Amino acid sequence: MEETVAKKRMLSGIKPSGDLTLGSYLGAIKNWKERADEFDCFYFMADLHAITVRQDPASLRRRTLEQLAQYIACGLDPEKNTLFIQSHVHQHAELGWVLNCYSMFGELSRMTQFKDKSAKNADNINGGLFTYPSLMAADILLYQPDYVPVGEDQKQHVELCHTIARRFNGVYGDVFKIPEPYVPKVGARIMSLTNPTAKMSKSEDEDTGRVLLMDAPEVIMKQFKRAITDSDTENCVRYDKENKPGVANLMTIYSAVTGKTYDEIEAEFAGSGYGKFKPAVGEAVVEMLRPIREEATRLMKDKGYLEGIFRDGAQKASYVAEKTLRKVYKKVGFVAK
Ligand code: TRP
């Protein structure tokens, strides 16, 4: 374990709340493969966080494993990354409790995600939803990471994590390392195929113009064939984000998949119109996703393999987490076991 000490540590949680989309793959996950060369990376499936909104037990269990399988299929090498399931490492819940006592009501009330989710789940505004950020702070601080890569929507939570850590350190000395924000290398920003001014979301509904990593080739082709292009009559593959957002989005996807520049794409489809362009993008996506889907499907059938991964991961994670938790328990005045 000591050999990884020289690398800076990075940690991120992934909520098993939906399937991965083409957008999250091209925008982020695709770049995670190389991260392991530079950083000591910890990734966990945030099932404790998932139950802050009601979950069907069987599907939560399935999605947690599917998510793990999909990330591995996308190139997260379990030999080089620590992959685990949050609920398997009991220190998360334990430090989460302690940090609840160092998170202020006012701070938690101001979180935009809490406000949004309370509005959406008015019949289930539970304590877990409210203290979600204290648990997230525990997730992070347990591992003393140097960096926490998160998207825009989670920045506020990472800032609160800093506040909580500084408050705790202020009372007890330097217990927690304050992680730096990490701005991930941004991949392509992929929009919905039917509403190209909105980001592609992992909605259940196909009509929202999303493509899932696990979609069958026919489904992907159908999605691309009915992708919105433009209301103009130009019928010409040309990059103009302002006036032709649908075509621009398809070009972004095609470019991300094939590595071709916009100029090259314009030349390739000069004179052929959208009728030929849309299925070409679809086919490129199908071919890129095929090995990922096949590998994830294969892994899902190999429960023994997945178990081996998440057990090893939890063991490695607990080793690190326990050190921090023990220090915290001592600092706050708990009697040693
Ligand atoms: N809240 C994050 C999300 O919704 C998931 C998450 C939980 C997380 N714990 C974390 C991310 C710790 C980074 C670090 O995306």
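Here the structure is a predicted model, which is why all the values come from computation and not from measurement. We're numbering straight along the sequence, starting at 1. First listed ligand is number 1; within each ligand, the first listed atom is number 1.
Using a 4.0 Å cut-off between a side-chain N of Lys or Arg and a carboxylate O of Asp or Glu, Lys303 and Glu307 do not qualify as a salt bridge. A salt bridge links Glu234 to Lys244: one of the charged nitrogens lies within less than 4.0 Å of a carboxylate oxygen. Using a 4.0 Å cut-off between charged side-chain N and carboxylate O, Arg9 and Asp146 make no salt bridge.
Within ligand 1, counting atoms from 1 as listed, the ones closer than 4.0 Å to a heavy atom of His49 are 7 (C), 9 (N). Which parts of ligand 1 touch Val150 is read off a 4.0 Å heavy-atom cut-off, strictly below it: atoms 13 (C).
The nearest protein atom to atom 9 (N) of ligand 1, hydrogens excluded, is given as Asp139 OD2, 2.6 Å; this is a heavy-atom distance. For atom 1 (N) of ligand 1, the nearest protein heavy atom (residue, atom name, distance) is Tyr132 OH, 2.7 Å.
The shortest N/O to N/O separation between Gln154 and ligand 1 falls below 3.5 Å.
Residue Asp153 does not touch ligand 1, judged by heavy-atom distances below 4.0 Å. Under 4.0 angstrom from ligand 1, there are no non-hydrogen atoms of His157. Residue contacts with ligand 1 for Tyr43 are absent, since no atom lies close enough (heavy atoms, distance under 4.0 Å).
For His92, the ring-ring contact (aromatic ring centres under 6.0 Å, His included) test picks out Phe44, Phe84, Tyr143, with sequence neighbours left out. Partners of Ser201 under the side chain to side chain contact (heavy atoms under 4.5 Å, CB included) rule, at least two apart in sequence or in another chain, are Ser203.
The one candidate from Tyr43, Trp32, Tyr25 that meets the ring-ring contact (aromatic ring centres under 6.0 Å, His included) condition with Tyr71 is Trp32.
Residue Lys80 qualifies as open at atom NZ: its count of foreign heavy atoms under 6.0 Å is 12 or below.
Counting only non-hydrogen atoms, the option in Pro145, Pro179, Gly13 that gets closest to atom 6 (C) of ligand 1 is Gly13.
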